[in-house]
Amino acid sequence: MSNIGTIVVGYSVTIISVGFYAAWIVRRGVLIGKEIGIGSQSSPTDETD
Amino acid sequence: MDLSPRHEVDDQDKFRRDQLKSRRIKVYFATLILVIAGGFAAIQGLRNATLFFRNVDEAIIERADLGERRFRLQGKVIPGTVINDEGVTVFEIVHECEVAKVRHITDPPELFSSPWIPVVLEGRWTKGAVENINGSESYYFLSDRMLVKHTNEYVSVNEERLEQSIPDDVAMSCEFLRDLREES
Amino acid sequence: MVDGSDLETPELKKSMSMTATPTTRVLATIAVGASLVMLLLALIVSPADVVQGDAVRMLYIHVPSIWVAYGSFGLTACTSGLFILRYKRRADRGRHYDRLAGAAAEVGVVFTGLTLFSGMLWGKVTWGSYWQWDARLTTTVLLFVTYLGYLALRRLPADPGVRAKRAAIMALVSFVNVPIVHFSVDWWRTLHQKASLSVGRRPEITGDMYWTLMYSALTFTFVATWLMIHRYRVIRLEEMRDEELLLQQLRERRSENSL
């Protein structure tokens, strides 16, 4: 693989992986929140902000 | 609060228990795979990690003990010694002023062309009279695998740098490299 | 169960702010903005290396990834230590520390994975090989596998308190490998180069490259912090769901007994 090819693959995989991980976290939060029936009025964020 | 066990098991409870059981089996299986992977990595590491390569000076001292054994040899490629002899790359490497002649039989990595690049070669000592920059030798290193060992020094292409300059550790102490140093 | 089949319902879209707060929205904006500037610096502004050429640009993702992973595992170890020391005295039985440890470890594992992947690509163009079992690479794989094991331990069905204690002990034991990974290049002979930056040693990276590396590390820190905060909140939601499930089971049991 050429230098440029390596850089393209390396940066793309990093960006996509972090993006997918972030999206997975947010989606999981939304789905569990819905499952247990809490909306934005009762957030799990109280302890950290 | 009554938490006493029930005598009758309903379908929902059974379903939940089966789910838990299946989850536990999956986690145990994953743990087993991880332990095997960890063990494999540890064994590989213990085998190679402590002495990944021998430097040229050490390999010369240990030559009799090493005999025909395969090992990894490390040294800096001396510019001007590299020639291509019908698909075989012949060159000399130096470490602590000790020089080894190398015959490398596969394609070298791209960075091999950089002057004074440190390389790690896999192969064995082979009997054969050769001439190198430091005099005559009765052994050369026959290598079939080369790894370029780049340093943690990063220099911009925009900066002025003598690409042919001899690294300090080589130039300061090796008498036989004085001619090369003066040339550069 | 969570299956995502009804992700597109209007109520769900409205509740997309489940784990977000104004603070994390600001942090997300900073992280995305910093990442775009980082890409500009790393891929266009910073110069190529005199030996490696453009391959040196892998430095700006490879090195910050492992620094962030070290930091995350360090946070896991600190919070696990605090859990062990304080869980008896705290009203929440140390659950806050346990959540923080779990969130940080998961982020650390993601970034260790990225370090290994980017390192393999970089190794192929510089060393001429994707992988070698030298001390640095071997200990990094062990670090990755150990923390995967830690995450697996956290998923084992058990009483939350017992599970948190087991996880805290494993986190402290696992952290021993972090300095071993970092100093492996000094303690043993490795194909891997020495550390890019070390305390008390002059950096061997010239101007623009050095500052790009520092900026990349800062960007990765913003991203990792955002991920950790959100992951923490999701862990809290998971706990709330489990507590809800338990209460529901108790209610069902009670109503059955009263019949």
Side-chain angles (χ1 to χ4, degrees), chain A, chain C residues 1-4 6-7 9 11-24 28 35 39 42-43 48 52-55 57-58 61-62 65 92 96 99 106-107 110-111 113-114 117-118 121-122 124-125 223 226-227 229-241 243-245:
Chain A
M1 199 187 294
S2 70
N3 282 3
I4 300 296
T6 302
I7 293 159
V8 170
V9 173
Y11 277 73
S12 307
V13 169
T14 302
I15 293 165
I16 292 167
S17 306
V18 174
F20 264 106
Y21 180 50
W24 175 79
I25 292 173
V26 171
R27 183 172 172 271
R28 189 166 170 79
V30 170
L31 292 172
I32 297 175
K34 184 167 184 285
E35 193 184 354
I36 60 178
I38 64 163
S40 49
Q41 71 274 19
S42 168
S43 154
T45 60
D46 305 340
E47 291 182 48
T48 47
D49 277 347
Chain C
M1 291 307 288
V2 180
D3 59 7
D6 54 357
L7 185 64
T9 61
E11 299 83 38
L12 200 56
K13 276 184 175 170
K14 224 189 278 179
S15 67
M16 284 299 274
S17 60
M18 187 59 66
T19 52
T21 56
T23 317
T24 56
S35 300
L39 286 177
L43 299 176
Q52 294 188 37
D54 283 317
R57 300 183 197 283
M58 294 303 286
I61 50 172
H62 180 70
S65 295
D92 68 346
H96 167 65
R99 274 175 231 137
E106 196 174 282
V107 171
V110 168
F111 281 96
L114 288 173
F117 182 76
S118 57
L121 292 175
W122 199 8
K124 183 63 183 165
V125 291
V223 174
W226 185 92
L227 290 169
I229 293 172
H230 279 259
R231 190 66 186 99
Y232 174 101
R233 291 170 180 170
V234 172
I235 293 174
R236 177 73 192 105
L237 280 171
E238 287 165 351
E239 287 173 1
M240 286 162 80
R241 180 190 56 185
E243 285 157 13
E244 184 75 24
L245 197 68

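Letters go in sequence order (proteins before strands), and every chain restarts at 1. These numbers were taken from a predicted model, which means no experiment stands behind them.
- The two residues C/Phe117 and A/Val9 make their nearest non-hydrogen contact at CZ-CG1, 4.1 Å.
- Note: A/Ile4 CD1 to C/Asp54 CG = 4.5 Å, rounded to the nearest 0.5 Å.
- Contact annotation for C/Glu239: neither backbone nor side-chain heavy atoms come within less than 4.5 Å of a heavy atom of chain A.
- Residues A/Ile25 and C/Leu227 come closest through the heavy atom pair CD1-O, 3.9 Å.
- Not one N or O on the side chain of A/Tyr11 forms a donor-acceptor pair closer than 3.5 Å with the backbone of C/Met58.
- Of all heavy-atom pairs spanning A/Asn3 and C/Gln52, the tightest one is ND2-O, 3.4 Å.
- The CE atom of C/Met240 lies 10.5 Å from the CD1 atom of A/Ile32; values are rounded to the nearest 0.5 Å.
- Using a 4.5 Å cut-off between heavy atoms, C/Ile235 makes no contact with chain A at all.
- Among pairs with a residue in residues 12-25 of chain A, those fulfilling side-chain hydrogen bond (donor to acceptor under 3.5 Å, both in side chains) read A/Tyr21-C/Glu106, at least two apart in sequence or across chains.
- Interatomic distance, A/Arg28 CZ to C/Glu238 CD, rounded to the nearest 0.5 Å: 4.0 Å.
- For C/Leu245, no part lies near chain A; criterion is any non-hydrogen pair under 4.5 Å.
- Here the straight-line distance linking atom CG of C/Leu39 with atom CD1 of A/Ile15 works out to 4.5 Å at 0.5 Å rounding.
- Across all non-hydrogen atoms, the minimal contact from A/Val13 to C/Leu114 is O-CD2, 4.3 Å.
- Partners of C/His230 by side-chain hydrogen bond (donor to acceptor under 3.5 Å, both in side chains), not counting sequence neighbours, listed by chain and number: C/Thr19, C/Trp226.
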